[in-house]
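To keep things clear, I will list the structure first and then write my remarks on it.
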Protein chains: 2
Amino acid sequence: MDAPHPLDRFFAPDAIAIIGASPERTRIRGQLLHLLRQNGYAGRLYPVNPRYAEIDGLTCYPSPAAIAAPVDLALIAIPAQAVLAALEDCAAQGVTYAAIISSGFAEQGGAQTRLQDEIAALAKRTGLRISGPNAEGFYSAKARVAATFSPAVEPRPGEEPLVASERRIGVIAQSGGMGFALYNRGRAQGLSFSHVVSTGNEADLTASDFFDYMARDAETAVIMLFIEGVRDPEKFILAAETAARQGKPVVITKIGRTKAGERAAASHTASMTGWNTAYDAVFRKYGLTAAADPDEAVAIAAGFVTCPLPRGNRVAVVTTSGGAGAWAADALASRGLSLPELSPAMQQSIRGFIPAYGSARNPVDITAQAVRTGGLIRAIEVLSGADEVDAIVVVLSLASEARISIDTAALQRIVARQSKPIQFYSYTLPSPLGRKVLAGAGLTLHTGLVPLASDLRALAERGRFAPPASPRPYAPAAAVSAALRAARGGLSEHAARQILAQAGLPMPPQRLVSGRERLDAAAESLGYPLALKIQSPDIAHKTEIGGVRLGLATPAGLRQAYDEVVAAAQRHRPEARLEGVLLQPMALPGVEMIVGTIRDPGFGPLVMVGAGGAMTELFRDVSYRLAPVDADEAMTMLGELRAAPLLNGFRGAAPADLAALARLVAQLSQFAAAYRDLVQEIELNPVFVHPSGQGCTVADALLIPLQR
Amino acid sequence: MDAPHPLDRFFAPDAIAIIGASPERTRIRGQLLHLLRQNGYAGRLYPVNPRYAEIDGLTCYPSPAAIAAPVDLALIAIPAQAVLAALEDCAAQGVTYAAIISSGFAEQGGAQTRLQDEIAALAKRTGLRISGPNAEGFYSAKARVAATFSPAVEPRPGEEPLVASERRIGVIAQSGGMGFALYNRGRAQGLSFSHVVSTGNEADLTASDFFDYMARDAETAVIMLFIEGVRDPEKFILAAETAARQGKPVVITKIGRTKAGERAAASHTASMTGWNTAYDAVFRKYGLTAAADPDEAVAIAAGFVTCPLPRGNRVAVVTTSGGAGAWAADALASRGLSLPELSPAMQQSIRGFIPAYGSARNPVDITAQAVRTGGLIRAIEVLSGADEVDAIVVVLSLASEARISIDTAALQRIVARQSKPIQFYSYTLPSPLGRKVLAGAGLTLHTGLVPLASDLRALAERGRFAPPASPRPYAPAAAVSAALRAARGGLSEHAARQILAQAGLPMPPQRLVSGRERLDAAAESLGYPLALKIQSPDIAHKTEIGGVRLGLATPAGLRQAYDEVVAAAQRHRPEARLEGVLLQPMALPGVEMIVGTIRDPGFGPLVMVGAGGAMTELFRDVSYRLAPVDADEAMTMLGELRAAPLLNGFRGAAPADLAALARLVAQLSQFAAAYRDLVQEIELNPVFVHPSGQGCTVADALLIPLQR
């Protein structure tokens, strides 16, 4: 897409003012001008500093106002207290963008936070778009803008850059250190970059703004994001949608996963849900690939720029060392990739050009000897054309320059017309020549088995990914909205079920009984055996106070249960408003599941499904998605559960009604989306999923209205 | 320990014959002599090759017999067909050891396997100890023996070796490529090695022999093992015991995990148990640290040689980049390490020497500025002396040589007197100077967060490890042995329970009833409600054929159940020998667990415990140990289960009788060990663990005798 974007000139300014420029190169402010020039920026540069008349041969201006020419970007590196005045000056001069390097704002708290708020207000008032403060600046390759003090952009004279791919990666990082570290690590592997931007405190421009830019930017083939927290979830989701629509892969790291504050919600679902659950639900929905460490992030990005997407997860390993090949096979299989034994025809073909002590099964051990006689290239070639594998991993040693004997030109020809990923891994530390030979063929080189396996898994997942056909949220019904609004003080199960049923969710028959004498009639109309539960908008967790009796088979048992649960409620919660008891037929047998929604303050409602009972809690075996989802996406969620076999006819049981469960998940997610401003949380637990064709029964329901 | 070892001279020979020596350095046989001399071997070298009178100035001999002097080691690199004769010749000359580099033996199958068998027989007959064939040889640092063609031992003139630690690592690998790759990777990080040995096809000397050697070798501080399969499990276990007793850490990789053939056993336990389960059970017992990839293996070994063991798992992260520090914190916490917020006093102390925009909580963000003013060293120093953390991780960037400002001498002083691990991680790719500065202080440098976290976890686990006080297997009782021997055709549950009860295991009351008319009397003596199960030595899985009825509460129900299960058995297994039905009182409520044993053909009986029901199978939430274990080790096994909270009072339930369960696990393991030659497998499933003090009930039992 080449439509104009509001940030186009940020990354390609015709003129840059460096406010606070200095000739002292050991200081940050001195490095900015120096690095811009060293990297060959071709536009106009205006140093601004009242202390100098000229710096390094360039006229130096006392203030932005003194520059009698248009300025696209002001790079600001002056003490925090002077920043606001400089920005006012820039805005008055019609400067388009400012990037504030200076620290001393919200990261220090107190008055400095207020100073940052004033910067944000200035941006809004004047239209000056501001990046930072407290940022490390940015780098843009095409326009050669090194607007940063990061040592990662220091040119290294005499060092020939390694270029494995010219498909460019864009990096957006809320930590300047990490953004430029990803650039540093990627360059060493022969990757190319479009832009690297450090977003700092995000007083005005946020990571989501830059994400949107790079999602649309024709220069950027793959995006890397390093996120501590998203300030504008809706904008972030729109950018993620754009990237998904463009088919542009995104490798994302969200940190702060283990320290994230736990939400203070009383119910079970919420107690397992931190902020990061919402991020992961968004990442899954839009196909963003999460990376656990910098090596993995760079390895995955390298895979995306150098490889086509595989059609499946079947990998052939080609190796010169049996031990290393087997280790790679283990690492790949343990990440969910499949290593099928090759077909007899394929094995026969391979045995034609490897020694007798090699192996053609998979891993294919061509032996070191066959490399010298062209066997490596032939093995890659024959596997490239075969339908029986979706990706090729070559495991070898590229440590000794004297022993490298890869025909780069031949490899390059195969890579150029490849339709499946070809990845190389050196089990020894590679020599520079080893990397160079592969870069000449358009390939990077892995040195870690774990990142290699993560990369192939990411490629396979991406190959399967299709942007979700999210159902549009339906318009809220006035009656349901009114009932939810009226219920802000709490809802009994009975009332919650009425609302959900009204919105079209399948609910089993029930009777609210408010007097002991009415039990028999209600029981007769429902039929034994019955469940009996205390009903009060003030009692969310009925079991905990002894307010539930199950499997009641006789009128006498029913009456006794009634007396007991009422007494228990009065004893444990004397202040609770009692509505009576709820009678329900006992659910037929089925697989016990939990279905629920929770509302993230930023991203909105998420829907969850998991195996019921202790499994949800002990094994965190739960799948989340940003709501709403359709039944197809709900089915994908079910497939992600480790407990999925329970639903597919476990130990000889009848397969469960997956379609009915997926429908329930979708319906509940659509309800949560439609009433997002009124519902905090819903928990259907347990839901019994009956054999195929027999639907599912919501055995208990909790709906917590949103407190405003 | 400095006691003499039969392999001492293998690694430190006074004289080496190179059989097949050649002046052609491009060939393997030519490299051997060359690399031995290049690495400064100081002993006598005897090239043997009838085609030459001298090689590189050394007299060349036509045969081993022609060397009129003692030879400790013959290094053999001649065609496979000539190897046996050369070995005979060596044995006749009194050569002590041979290392066969030549390929073309069992790895090719057929006649070549028989050739290898002859080599093994020769070793046994003559006492010549033989390593290989099909090996990459070995390297020994102290005696400077580079008896290999691996490029990893090629001296690199002009390259100053990096030495972070002189505590040496010994490497034993069944793949020569991987053994020397670990050496190559470790050296690049500044690690030192004692010996690297490639064991090849192991016709005579095995990995276990070398493991035993290195476990006793005073030169070797840490052992790395790369294993495809252990040929002599008992010897391996003895070596592991020795290493554990010596307090010598072992980093081990066992490959072939995902292709391992599945055992063809009918029962449930066996279906989840591959060979690798036995390896893992052995590794856990003796505290061997398993490594998932070469980076992780080297990182963990580096931690063991450079760090003292921590007393706990509390880590402080000290960083110069907030983003990188938080990422490291996430990576560490996700591997089970704890990152406590520092105490107010500690925070106050740290705030004294860092800027206001830093943080003293944990991660401690000292900021890049504080590094320049000595803040890094002070932070490490103050945390070194604090009781509130057990390890320190420093996260910084060592990419730019110009910006490195670490006081090596000061750091070295802290490291020298450290009592807790100090580890450095560079989030950018480090410059050589960065590594050198740290090596000067006795430290290596991590570049991967995942390996770093694995390393710290390994250190913490090792810190907790105590060699197990394995109970000595008790002497089998003649009556039990006889019963097991008599039952080789199969055992009904009733018979299995009798045997287990006879051996002292707690079994609930039971009655075998062989006629419908005897049901009432048996039921009366046991008391309702009852379980009724068909009994036959030919029916292992009673539920599957409809042979079990539970919760029978009346005589009429009992009779009906009797008729049904007998009919079901006759229908499904018309040939089965029916003994009658087993009556048992229904078990009181409790947490459902599974306890069992399985016999690995190599390592012998393993004991397992897991949460019952679907959890064992879906989540593989099972702990295994080499049998026998005592109750303490059984308690450790219980603590490893993710389902452990179920036993500790889950959701308000009473805590379960852990002690009784641990006792049952220990007793069963001791039974399996005592009768290891008679028992294939035992499965107690389910076992109901009642509230604390009330014991546990074995509700079903299966014992499969060993078929010979």
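So you know, we letter chains A, B, ... as the sequences are listed, proteins then strands, and number each from 1. Worth saying up front: this structure is predicted, and the values here are computed from it rather than measured.
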Apply salt bridge (charged side-chain N to carboxylate O under 4.0 Å, His left out) to Glu341(B) and list each qualifying residue two or more places apart in sequence or on a separate chain.
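Residues passing salt bridge (charged side-chain N to carboxylate O under 4.0 Å, His left out) with Glu341(B): Arg361(B).
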
Glu154(A): what forms a salt bridge (charged side-chain N to carboxylate O under 4.0 Å, His left out) with it, not counting sequence neighbours?
Arg403(B)

For Gly256(A) versus Asp330(B), what's the shortest heavy-atom pair and its separation?
N-OD2, 2.8 Å

Between Arg642(A) and Arg620(B), what is the shortest heavy-atom contact and its length?
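Smallest heavy-atom distance, with atoms named: NH2-N, 4.4 Å.
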
At a 4.5 Å cut-off on heavy atoms, which part of [X] comes close to chain A: side chain, backbone, both, or neither?
| X | value |
| --- | --- |
| Phe105(B) | neither |
| Ala106(B) | neither |
| Tyr427(B) | both |

With chain B, which of [options] has the greatest number of heavy-atom pairs at distances under 4.5 Å?
| options | result |
| --- | --- |
| Gly323(A), Ala292(A), Ser175(A) | Gly323(A) |
| Asp295(A), Thr253(A), Leu646(A) | Thr253(A) |
| Pro645(A), Gly322(A), Ser400(A), Pro294(A) | Pro294(A) |

Gap between atom CG of Leu429(B) and atom CZ of Arg187(A) - 0.5 Å precision:
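Here the interatomic distance stands at 12.5 Å.
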
In Å and rounded to the nearest 0.5 Å, what is the CD to CG distance from Glu107(A) to Asp365(B)?
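Here the rounded value is 10.5 Å.
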
Going by heavy atoms in the side chains, are Ser397(A) and Phe180(B) under 4.5 Å from each other?
no

Less than 4.5 Å apart, side chain to side chain, heavy atoms only: is that true for Leu618(A) and Phe619(B)?
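The answer is no; the side chains never approach within 4.5 Å.
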
Is there a donor-acceptor pair closer than 3.5 Å between any side-chain N or O of Asp293(B) and the backbone N or O of Gly448(A)?
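It does not hold such a pair.
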
Can you tell me which portion of Thr428(A) sits under 4.5 Å from chain B's heavy atoms? Options are side chain, backbone, both or neither.
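For Thr428(A), backbone and side chain are both near chain B.
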
Side chain, backbone, both or neither: which part of Asp621(A) has an atom under 4.5 Å from a heavy atom of chain B?
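Side chain of Asp621(A) only, per the 4.5 Å heavy-atom cut-off to chain B.
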
Run the side-chain contact (heavy atoms from CB on, under 4.5 Å) test on Thr447(B) and Arg185(A) for me, step by step, so that the C-alpha distance in whole Å, both residues' side-chain angles and the decisive distance to 0.1 Å come before the verdict.
CA-CA 10 Å; Thr447(B) 59; Arg185(A) 286 168 174 264; 4.3 Å; yes

